[in-house]
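Excluded from the calculations below are hydrogen atoms, water molecules and symmetry mates; all remaining heavy atoms, backbone and side chain alike, are included. Both counts, for ligands and for their atoms, begin at 1 and track the order of listing.
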Amino acid sequence: MTKKQAREHFLRKRQELSDNEIEISSLRIFNQWKNSALTHFDSYHIFLPIKEKKEVLTSFFIEFLWMHHKKVYCSKVHKGILLHYEFTPQTQLKENSWGIPEPTDPENVTIKNIDCVFVPLLAYDVSGNRTGYGKGYYDRFLADFPDCKKIGLSFFNPVVQIEDIATWDVPLDYIITPDYCSGFPIEEK
Ligand code: ADP
Ligand code: MG
């Protein structure tokens with residue numbers, strides 16, 4: 001499957017999910033993580049979902065991380081790149097033109113290190129390759145943090161292979177779905 005085919009396929013599959021299914025599946029994804037060996041990191045980067053695009057709801061993760069006094073970061077798009085901000089219960093959010101919630105009046109922080117990044121995606125394959133919407137934001141972001149653990153969150157099983165993976169594509173270390181939390185390679189589901 002090519003990136004283009006994978007994007008179309010999973011965009012369609014996500015649109016078929018009801019709000020209730022999204023909520024329940026997101027909670028199951030969170031519980032898979034909570035019961036995994038991936039909760040010990042000190043700092044986490046989290047994405048804030050585009051509701052209209054039916055992305056995984058990350059509010060369960062955020063509440064848990066705050067409760068456990070972890071450092072949490074989120075991003076804001078600025079001139080084609082992601083700038084990173086500390087994300088606290090005091091952070092005010094506003095949706096940008098793509099429907100992505102972003103900090104309204106943030107203090108841009110220079111981040112030297114992020115231990116773990118939760119990565120949004122449209123599709124991933126059994127080797128850990130991923131594709132997003134086709135703008136490469138996360139590839140550019142993750143290239144700056146080569147040592148962080150990259151955890152993809154998805155409602156769905158992997159495709160066998162994304163064929164047109166490029167040199168700039170940054171692969172995942174782990175994937176969490178409602179049914180499993182796994183490293184790579186994973187056996188075909
Ligand atoms: P996505 O990962 O969102 O599915 P692609 O992998 O197709 O999207 O990447 C989209 C664009 O982003 C590509 O045209 C590529 O040139 C650019 N890109 C990705 N990573 C980098 C990088 N590290 N440096 C510069 N450009 C990049
Ligand atoms: Mg890519």
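R7 NH2, 3.3 Å is the protein heavy atom nearest to atom 7 (O) of ligand 1. Among all protein heavy atoms, the one lying closest to atom 19 (C) of ligand 1 is W168 CD1, 3.1 Å. For atom 18 (N) of ligand 1, the closest non-hydrogen atom of the protein is R140 NH1, 3.7 Å.
Interface of T131 with ligand 1, defined as ligand atoms under 4.0 Å from a residue heavy atom, comprises 4 (O). The atoms of ligand 1 that sit less than 4.0 Å from any heavy atom of G132 are 1 (P), 2 (O), 3 (O), 4 (O). For ligand 1 and D169, the ligand atoms under 4.0 Å from any heavy atom of the residue are 2 (O), 6 (O). Atoms of ligand 1 found under 4.0 Å from any heavy atom of Y133 (numbered from 1 in listed order, with element): 3 (O). Taking every heavy atom of K3 and a limit of under 4.0 angstrom, the matching atoms of ligand 1 come to 5 (P), 6 (O), 7 (O). Atoms of ligand 1 lying under 4.0 Å from at least one heavy atom of G134, given by number and element, are 1 (P), 3 (O), 4 (O), 8 (O), 10 (C). Below 4.0 Å from some heavy atom of D139 lie the following atoms of ligand 1, by number and element: 2 (O), 6 (O), 19 (C), 20 (N).
The N, O or S atom of D169 with the smallest distance to the Mg ion (ligand 2) is OD1. Checked against the Mg ion (ligand 2), the N, O or S atom of D139 at the shortest distance is OD2.
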Derivation and outcome, side chain to side chain contact (heavy atoms under 4.5 Å, CB included), residues V117 and Y44 = CA-CA 6 Å; V117 176; Y44 290 82; over 6 Å; no

inquiry  = If you apply the rule side chain to side chain donor-acceptor pair (under 3.5 Å), what do you find for E102 with N96, and how did you get there?
reply    = CA-CA 7 Å; E102 293 181 329; N96 70 12; 3.0 Å; yes

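Atom CH2 of W66 sits about 6.5 Å away from atom OG1 of T88, to the nearest 0.5 Å.
For the pair K53 and Y133, the distance from NZ or CZ to the six-membered ring centre is under 6.0 Å and the angle to the ring normal is within 45 degrees. At least one test fails for R7 against the ring of F10: distance under 6.0 Å to the centre or angle within 45° of the axis.
Ring geometry, F61 versus W33: the interplanar angle falls from 30° to 60°, so the pair is classed tilted. Relative ring orientation between F145 and H84 is described as perpendicular, the plane-to-plane angle rising above 60° on a 0-90° scale split at 30° and 60°.
A salt bridge is defined here as a Lys NZ or Arg NE, NH1 or NH2 lying under 4.0 Å from an Asp or Glu carboxylate O, and K3 with D169 meets this definition.
For the residue pair D115/S43, the side-chain donor-acceptor check at 3.5 Å is satisfied.
No part of Y137 comes within 4.0 Å of ligand 1, judged by heavy-atom distances.
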